[in-house]
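When reading the values below, keep in mind they use all heavy atoms of this one structure, side chains included, and skip hydrogens, waters and symmetry mates. All values reported here derive from a predicted model rather than from experimental measurement.
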Amino acid sequence: MPWDMKDYPSSMKNLQKLVRKKAIDIANALLAEGYEDDRAIPIATSQAEKWFKEASPTEKRAFEKEAAPTKQDHHHRRGNPELIEADEEVRHQDQEWIVIADGAEKASDQFKRKTDAVKRGREIAANKESKLKIYGKNGELQKEIQPRVEE
């Protein structure tokens with residue numbers, strides 16, 4: 001069920017208003033891509049908090065001026081629904097560590113340090129309830145873990 005700024009999941013009620021707006025926007029897009037509510041909400045919340053932490057003041061002001069998300073917003077299905085169930089991977093590529101869903105063409109995050117990539121990979125895998133596969137620089141699988149889902 002899509003949400004708006006007046007009708008949203010109770011878990012979003014304590015979010016700062018701009019973070020909530022971003023979370024609702026992301027959650028609605030995830031719903032359009034086939035995610036279930038109970039998976040879209042924590043993913044959207046996590047992504048919105050990350051966006052808020054990393055966004056510049058200019059980006060925040062621009063997003064604040066955008067129209068609030070509505071239940072009728074149309075979201076294009078741009079992702080691959082099969083990636084919803086895909087395991088996450090941490091790999092070394094082009095002198096950096098990437099976090100990427102198994103089978104995806106584009107990494108979701110890039111880091112200079114492997115430990116940062118593994119931390120982010122754990123968060124995504126926990127939100128998706130999937131495994132995290134960690135590879136070494138040589139491309140060999142080093143570890144496969146099932147991150148715990150935080151409640």
Does [Y] offer a backbone N or O that forms a donor-acceptor pair with the side chain of [X] under 3.5 Å?
| X | Y | value |
| --- | --- | --- |
| K21 | M5 | no |
| R20 | M12 | yes |
| T45 | I41 | yes |
| N28 | K71 | no |

Q | Greater than 12 external heavy atoms within 6.0 Å of E36's CD | A | no

(Q) Other residues, nucleotides and ligands only: do more than 12 of their heavy atoms fall within 6.0 Å of NZ on K131? (A) no

Which heavy atom of [X] sits nearest a heavy atom of [Y], and at what distance?
| X | Y | result |
| --- | --- | --- |
| A23 | A48 | N-CB, 3.5 Å |
| L31 | Y35 | CD2-O, 3.4 Å |
| D87 | S130 | OD1-CB, 3.8 Å |
| E59 | W51 | O-CZ2, 4.2 Å |
| N138 | E140 | OD1-N, 2.9 Å |
| E64 | L18 | CA-CD1, 3.8 Å |

Between [atom1] of [X] and [atom2] of [Y], what distance do you get to the nearest 0.5 Å?
| X | Y | atom1 | atom2 | value |
| --- | --- | --- | --- | --- |
| S108 | K106 | OG | NZ | 10.0 Å |
| I100 | Q110 | CD1 | CD | 9.5 Å |
| K112 | Q95 | NZ | CD | 12.5 Å |

Heavy-atom side-chain proximity of [X] to [Y] below 4.5 angstrom:
| X | Y | result |
| --- | --- | --- |
| R122 | I145 | yes |
| V90 | F111 | no |
| I134 | K114 | yes |
| L15 | E49 | yes |
| R61 | T58 | yes |
| V118 | W97 | no |
| K22 | F63 | yes |

**Q.** Test side chain to side chain contact (heavy atoms under 4.5 Å, CB included) applied to H92 and Y135, step by step
**A.** CA-CA 7 Å; H92 192 262; Y135 291 84; over 6 Å; no

Q: Would you mind telling me which of L132, D109, I43 makes a side chain to side chain contact (heavy atoms under 4.5 Å, CB included) with I124?
A: D109

